[in-house]
Amino acid sequence: MAVGRQPARPVSEVKLLARPTWTRGLLSWLTTVDHKRLGILYILASFFFMGLASIEAFLIRLQLTRPGLSIVSPDVYNQLFTMHGVTMVFLAIMPLGIGFANYFMPLMIGARDLAFPRLNAFGFWVYFLGAILLYTSFFFGGAPDVGWFAYSPLTSLSNNPGTGTDYYMVGLFIGGIGTLVTGMNFIVTIINMRAPGMTLMRMPVFVWMILVTAFLIVFAFPPLTIALFQVIMDRSFGTLFYEPAGGGMAILWQHLFWIFGHPEVYIIVLPAFGAISEIIPTFSRKPLFGYPIVILSGIFIGFMGFAVWTHHMFTTGLGPVVNTAFALTTFVIGVPTGLKVFNWMATIWGGRVQFTTAMLFAISFLVTFTIGGITGIMLAMPPFDALVQDSYFVVAHFHYAMGGGALLSFLAATYYWFPKMTGKMLSETLGKWVFWLVAGGFYLIFFPQHFNGLAGMPRRIQTYPEGLGFEFWNVISTIGTFVMAVGILLLLYSVILAFARGEPAGNDPWDGRTLEWSISSPPPYYNFDEMPVVNDRDAFWAQKYPESVHAKPVEEEFEEHGIHIPGQSWYPVIMAGALFIGGYALIYNNWWLGILMFAVIVIGSYGWAFEGIGGHHIHPEEKEA
Amino acid sequence: MVRWIFRVAALFGLSAALSSCVFQGSDGPQSVLHPAGPVAQEQIDLFLWTYYLSWIVVVAVGGVLIYSALRFRRRPGDDSIPPQVHGNTTLEIAWTAIPVLLVIAVAIPTVRTLWRTEAFAEPKEQDIVVNVTGHQWWWRFEYPELGIVTANELHVPVGRRVILNMTSADVLHSFWPMKLAGKRDLIPNQNNQLWFIADESGVYLGQCAELCLGAHAYMRFRVIAEEEADFEIWKGKFQDLQVQQVQADPLIEQGRLLFTQKGCATCHTIDGYAEDYSIGKPNFPDLTNFGLRLTVPAGWADNTPENLAAWLRDPQEIKPGNRMPTLWAESDPNREEEIDALVAYLLSLGRDDQQQAQASVQHLGVGGNHGSR
């Protein structure tokens with residue numbers, strides 16, 4: 001194994017900055033390369049931005065409670081729904097999945113860390129600073145107001161002279177770099193750093209889904225980056241890709257955006273599928289039913305994700321041939337999705353189902369996602385799509401798919417993995433309340449929106465006249481936000497309570513099945529003091545109950561090298577900071593600042609490359625002996 | 001076990017029935033569930049077919065899920081390990097077939113309806129052709145064969161196919177006459193086609209469905225479907241326009257003069273306004289025969305003297321974000337008098353008498369058969 005291998009020959013080192021060695025305090029978090037710490041940073045940042053997006057959503061709902069309200073102006077309203085969408089998709093739910101993957105994927109495959117720890121730190125800081133850049137737009141002349149998919153030509157300089165659009169383009173451009181390097185890091189890690197005996201078909205499904213997600217990231221982000229770059233060129237250098245007066249082709253943006261945007265849906269949802277595929281077996285005390293089918297259908301969904309993008313564009317006049325083709329490819333995705341649901345249900349069948357909060361969230365996910373999938377099939381019918389596209393029916397649909405599919409299952413994952421990350425249990429009594437308030441609030445908010453969509457209420461309008469039949473369900477929907485908000489606040493309280501006087505979790509509170517439960521909670525900074533050897537799926541279960549799965553005894557012997565702990569580094573946060581400041585240079589066309597930051601990046605990558613191996617070796621088994 | 005299946009099925013059946021009631025009961029003037037033309041009818045029929053099919057899926061999935069979760073719940077003190085079943089090939093094949101069959105059952109009618117409603121329509125003699133241009137935040141309707149240009153209210157004869165050729169002058173818009181047909185986007189540098197037929201006379205609501213910033217929420221329109229004879233009368237009002245003479249009513253005459261004095265004519269066209277008056281300013285709403293309009297501005301409020309006056313007094317108050325300038329300072333002593341004059345003039349355009357437009361609103365009713373305001 002690569003872990004712990006010594007370099008064969010000395011490497012040249014250029015010490016611009018000494019490797020920092022803080023183990024606690026703010027600076028240790030700034031310079032950390034530990035996947036667990038970065039995972040926690042990702043999760044905290046995601047929840048922070050989710051909080052901001054929720055406040056935005058709350059204002060949106062207040063404004064729509066009654067016809068003709070003016071709690072916010074149309075301009076502010078446009079900024080609110082744009083930032084709500086951008087934040088939830090790019091800054092909250094996607095990084096939440098990445099955060100859980102960062103923390104648990106190495107633990108589940110028995111690895112010491114990700115393949116490229118410094119790149120991982122870079123990925124986090126670029127995402128975080130890109131997000132901060134996007135949010136500073138509120139203080140500098142207004143946030144983006146063009147919707148989260150920022151359709152051209154609304155984004156052209158002639159239609160949108162403010163800087164909000166520049167913040168959108170540059171913020172996503174920078175954030176996308178972070179996501180891209182993280183995707184590559186995940187792929188290399190999963191392919192190369194599995195513990196002995198962890199063959200691909202013994203990997204936990206969560207790891208499999210992260211692998212598929214990582215490939216989706218690597219293939220989906222380049223088209224988005226190109227599109228963003230075109231708009232930046234249009235706005236900063238006067239090119240005419242999307243300027244209608246110069247013959248610009250508005251529809252090109254939609255193609256490029258959605259060939260990224262649809263895979264993005266699966267980048268968000270597949271990690272959630274993975275988490276569900278761990279939680280349901282654990283609380284049913286049974287292995288996942290149809291493991292290879294669940295994995296293959298995940299791969300198939302990921303692959304088909306690239307072949308359905310124009311179902312977001314059925315009303316743009318692409319013609320009946322294109323609409324037929326993409327309707328059919330979209331229907332096809334219904335089959336593997338249905339298979340997954342059936343296999344999850346079969347996992348529950350015949351098990352010993354324990355209704356923990358995590359399991360309740362997982363079950364609510366199954367129902368919610370099934371409904372979201374069904375409305376997805378309905379919207380895949382171009383004739384019906386023409387009737388309700390851009391109405392609240394669509395809003396309800398994608399909140400069922402993303403809010404129900406991703407958010408509910410990440411809340412399940414939070415309850416499931418919180419004990420492992422902190423060593424404390426979340427209160428199950430409060431947990432039940434959190435579940436009913438959040439899931440109940442979710443249904444109150446979004447189920448009525450189906451009715452309003454069918455009643456002809458378009459999305460993205462800040463007000464509507466009386467007498468169109470939208471009134472009743474809008475009130476119900478707004479009431480739902482209050483219910484859900486109470487649930488979320490209760491969750492926060494529950495987390496604080498757990499830290500203050502939560503029960504200690506022990507190594508394995510749920511009788512878990514995968515390797516992360518075999519080590520202490522929270523895990524030691526070196527993860528495994530003994531390299532785990534895997535001889536079955538659900539490796540830890542097979543160790544605990546070998547007779548139940550007829551596991552073969554471990555025979556493989558291998559040499560222990562000790563554990564290599566990678567050294568901390570300043571370069572990731574410096575490079576991310578340079579991209580962050582350089583982003584402002586691009587927004588305000590301040591080329592001197594841009595050149596300066598480019599110089600920092602060049603020097604920084606030089607210093608990074610020749611920083612040397614760093615770190616140290618430890619031998620925990622000797623230490624304890 | 002049987003008892004549980006019944007309970008779960010009853011629960012889901014009840015919610016199915018409830019939800020069906022709720023949405024069948026929603027017959028607001030913009031509801032897509034009660035269409036008024038063959039195109040929208042086919043589109044919603046497709047939805048209803050899938051809707052009933054999907055209840056079978058929801059009841060089956062939800063029922064089995066809840067049943068199995070309850071049936072196999074861990075009893076207190078039970079620490080036994082259930083058989084570690086890894087899968088079953090027969091089952092997998094069976095439940096691959098189920099979604100495949102469902103998808104085929106949805107796909108066949110989808111493709112059939114798609115080609116019936118979205119295939120390119122070659123204009124025929126009988127058809128009404130309209131060029132639609134989307135502007136921030138109003139609609140321009142041009143009847144090239146009839147020589148008519150108007151804004152925000154599309155008059156069509158009942159029973160004849162209406163073919164819209166659509167494009168945008170600025171950003172994306174989407175034309176959504178939900179009772180008559182699904183929407184189609186208006187895109188600059190691109191021509192899109194949408195067609196529909198109105199089965200019965202009536203005023204059908206619609207609005208822009210693609211974010212266009214500013215006054216997007218207020219970018220509404222009406223489709224006014226009329227019997228052939230009424231459509232001919234409307235058409236005649238445009239085709240037989242006379243050059244306006246000095247008006248007998250002094251208030252109307254004052255308004256007519258104000259139309260140029262206050263600068264209205266810089267942007268807006270009134271065909272036949274004066275002898276040497278140039279018409280055809282395509283980037284601003286055409287006000288020819290404005291008295292025939294049912295609404296002001298762009299479908300937001302009824303075209304009453306009070307609403308029109310409020311609109312002229314403070315356009316940003318009525319339609320925030322729009323580009324109509326505020327013509328009078330609040331301190332302007334002539335404000336109310338001039339507004340009255342302009343209102344009187346504008347509402348006289350195309351009207352034989354003051355009551356006609358009001359009468360036609362009541363005669364037609366909003367939303368055709370269903371619901372009236």
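Remember, predicted model here, so these are calculated numbers, not experimental data. Each chain gets a letter, A, B and so on, in the order its sequence line appears, and its residues count up from 1.
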Report which part of [X] has an atom under 4.5 Å of a heavy atom belonging to chain B: side chain, backbone, both, or neither.
X	value
A:Thr370	side chain
A:Ile374	side chain
A:Met249	neither
A:Gln79	neither
A:Tyr464	backbone
A:Ser152	backbone
A:Tyr151	side chain
A:Tyr242	neither

Quick check on [X] against chain A: is it the side chain, the backbone, both or neither that has a heavy atom closer than 4.5 Å?
X	result
B:Trp95	both
B:Arg116	neither
B:Leu91	side chain
B:Glu210	both
B:Val100	both
B:Gln207	side chain
B:Leu46	both

Residue, of [options], that accumulates the most heavy atom pairs under 4.5 Å with chain A:
options	answer
B:Thr96, B:Val111, B:Thr117, B:Asn191	B:Thr96
B:Ile104, B:Asn88, B:Val57, B:Thr89	B:Asn88
B:Leu211, B:Val103, B:Asp45	B:Leu211
B:Ile98, B:Leu65, B:Val39, B:Thr113	B:Leu65
B:Met178, B:Arg75, B:His86, B:Arg184	B:His86
B:Ala215, B:Ala119, B:Ser80, B:Gly214	B:Ser80

[Y] side chain reached by [X] side chain, heavy atoms, under 4.5 Å:
X	Y	answer
B:Ile81	A:Lys544	no
B:Thr110	A:Pro383	yes
A:Leu339	B:Glu92	yes
B:Tyr218	A:Gln462	yes
B:Gln84	A:Tyr545	no

task: For the pair A:Phe393 and B:Phe47, name the ring-plane relationship: parallel under 30°, tilted 30 to 60°, perpendicular over 60°.
output: perpendicular
message: With a 3.5 Å distance limit and no angle check, can you tell me whether B:Asn189 reaches the backbone of A:Gly248 through a side-chain donor-acceptor pair?
response: yes
- request: Show the numbers, then the answer: is there a side-chain hydrogen bond (donor to acceptor under 3.5 Å, both in side chains) between A:Thr315 and B:Asp185?
  value: CA-CA 6 Å; A:Thr315 62; B:Asp185 295 353; 3.1 Å; yes
- prompt: What distance separates B:Ile187 CD1 from A:Thr316 OG1, expressed to the nearest 0.5 Å?
  reply: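 Rounded to the nearest 0.5 Å, the CD1-OG1 separation comes to 5.0 Å.
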query: Between atom CG of A:Asn323 and atom CD of B:Glu118, what is the distance when rounded to the nearest 0.5 Å?
result: 5.0 Å
query: Going by an N to O cut-off under 4.0 Å, is there a salt bridge joining A:Arg352 and B:Asp78?
result: yes
